Chemist: 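First the structure, which I've put down as structure tokens, then a few questions once you've had a look.
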Amino acid sequence: MAEEKILQMILKELEEKSSRIRGEQIRDAVREIQTGKRIFVAGVGRSGFVARAFSNRLMHLGLTVYVAGDATTPKIGEGDLFFVISGSGETDSLKAMAEKAKQCKARLGLLTIFKESCLGRKADVVIEIPGATPKSTLDQKETSIQPMGSAFEQLAWIVCDTLILGLMECMQCTAEKMFERHANLE
Ligand SMILES: O=C([C@H](O)CO)[C@H](O)[C@H](O)COP(=O)(O)O
């Protein structure tokens, strides 16, 4: 099949799946991020790349944000938000970190395919993204033309950018103000 046709098929798939993401879940997450004292983000593999990209924009907004596991990341505590991106909601290291974060009285935010996953059951706020992943043993009705969790990871990126636009509006922050915070060591 021609690559341009494949590209169109992927975009069509994302459009259809995104039409089933619930607006109120996104709005709840915007509120949670805004009220969090500090934001700690986490994800593994491709979901981890999305979490890092998200942390970059949260920093541009002027929020205090850390990536879990980085050498400069301090301990999490009460009033902080631990925001996890995990398609399956079952990745071992993330389950352990979420458990620790909850013990430390942090709130747990989650972007996932499965609200009923281990992470989903612990989360205070969840955004569900329709997708498929071979990493879950839960019943999966959803299919994808792409391998593994690709559709989830692509949509997770766009949902994170949707959260950023929502936060920009609530915080009355402009793209110009954000760019002033952009790294000058690059
Ligand atoms: O890298 C990944 C893999 O290629 C699936 O498409 C996942 O992002 C990684 O394995 C983490 O999994 P989840 O926590 O289920 O997102």
Side-chain angles (χ1 to χ4, degrees), residues 1 3 6-22 25-26 28-30 32-33 36 39-58 65-71 73 76 80-104 106-164:
M1 191 186 294
E3 277 68 18
I6 296 172
L7 176 59
Q8 291 312 314
M9 281 168 65
I10 290 175
L11 291 175
K12 207 166 154 216
E13 170 167 277
L14 297 185
E15 192 174 4
E16 190 285 316
K17 289 190 190 306
S18 68
S19 70
R20 287 182 280 132
I21 298 173
R22 287 159 57 191
Q25 292 188 340
I26 298 181
D28 287 349
V30 166
E32 198 75 35
I33 293 167
I39 318 300
F40 292 68
V41 302
V44 170
R46 284 169 54 106
S47 301
F49 295 136
V50 181
R52 280 190 179 274
F54 187 41
S55 74
N56 179 255
R57 285 285 180 265
L58 292 173
V65 57
Y66 300 102
V67 178
D70 276 2
T73 299
I76 198 164
D80 293 331
L81 174 68
F82 185 42
F83 192 88
V84 178
I85 301 178
S86 174
S88 62
E90 301 291 350
T91 299
D92 290 337
S93 59
L94 299 173
K95 287 197 278 190
M97 282 193 262
E99 186 58 42
K100 169 65 87 179
K102 292 297 281 189
Q103 277 168 18
C104 297
R107 303 265 300 165
L108 178 62
L110 177 67
L111 247 171
T112 188
I113 301 170
F114 302 104
K115 204 180 172 173
E116 64 282 18
S117 62
C118 182
L119 282 168
R121 291 194 304 272
K122 284 190 174 62
D124 300 291
V125 62
V126 179
I127 301 176
E128 293 167 273
I129 296 182
T133 170
K135 289 184 66 179
S136 177
T137 52
L138 294 169
D139 187 24
Q140 296 198 52
K141 291 170 201 77
E142 193 79 22
T143 56
S144 174
I145 57 165
Q146 302 184 69
M148 293 173 272
S150 293
F152 166 78
E153 290 131 23
Q154 292 154 359
L155 275 176
W157 189 297
I158 298 171
V159 167
C160 284
D161 279 341
T162 306
L163 290 169
I164 295 297

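A quick note: this is a predicted structure, and the numbers were derived from the prediction, not measured. Index from 1, following the sequence. One-based numbering, in listed order, for ligands and for the atoms of each.
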Chemist: Could you measure the distance from the CZ atom of F114 to the OG1 atom of T133? Nearest 0.5 Å is fine.
Modeler: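 One finds 6.5 Å between CZ of F114 and OG1 of T133.
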Chemist: Short N/O distance, under 3.5 Å, between I85 and ligand 1?
Modeler: no
Chemist: Tell me the closest heavy-atom pair linking C118 and K95, and the distance in Å.
Modeler: SG-CD, 3.2 Å
Chemist: In Å, rounded to the nearest 0.5 Å, how long is the span from CZ of F152 to CD1 of I85?
Modeler: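 If we round to the nearest 0.5 Å, F152:CZ and I85:CD1 are 6.5 Å apart.
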Chemist: Side chain or backbone, does G149 bring an N or O within less than 3.5 Å of an N or O on ligand 1?
Modeler: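 N/O-N/O distance under 3.5 Å: yes.
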Chemist: If we set the cut-off at 4.0 Å for heavy atoms, which region of K135 has an atom near ligand 1: side chain, backbone, both, or neither?
Modeler: side chain
Chemist: If you measure every N or O of R46 against every N or O of ligand 1, does any of those distances drop under 3.5 Å?
Modeler: yes
Chemist: Do the side chains of C104 and F82 get nearer than 4.5 Å, heavy atoms only?
Modeler: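 No. Closest side-chain heavy atoms not under 4.5 Å.
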Chemist: Of all the atoms in ligand 1, which lie at a distance below 4.0 Å from a heavy atom belonging to E153?
Modeler: 5 (C), 6 (O), 7 (C), 8 (O)
Chemist: Looking only at protein heavy atoms, which one is nearest to atom 16 (O) of ligand 1, and how far off is it?
Modeler: S47 OG, 2.7 Å
Chemist: Where is the nearest protein heavy atom to atom 15 (O) of ligand 1: which residue, which atom, and how far?
Modeler: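 Protein heavy atom with the smallest distance to atom 15 (O) of ligand 1: S88 OG, 2.7 Å.
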Chemist: Any nitrogen or oxygen of M148 lying under 3.5 Å from a nitrogen or oxygen in ligand 1? Just yes or no.
Modeler: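 No, since none of the N or O atoms of M148 sits under 3.5 Å from an N or O of ligand 1.
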Chemist: Check if T133 has a non-hydrogen atom at a distance under 4.0 Å from any atom of ligand 1.
Modeler: no
Chemist: Inspect the contact between K135 and E90 and indicate whether a charged nitrogen and a carboxylate oxygen are less than 4.0 angstrom apart.
Modeler: no
Chemist: Salt-bridge test for R22 and D28: reply yes if a basic N is under 4.0 Å from a carboxylate O, no otherwise.
Modeler: no
Chemist: Of the backbone atoms (N, CA, C, O) and the side-chain heavy atoms from C-beta on, which set of E90 has a member under 4.0 Å from an atom of ligand 1: side chain, backbone, both, or neither?
Modeler: neither
Chemist: Around atom 9 (C) of ligand 1, find the nearest protein heavy atom and jot down its residue, atom name and distance.
Modeler: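 Result for atom 9 (C) of ligand 1: V44 O, 3.4 Å.
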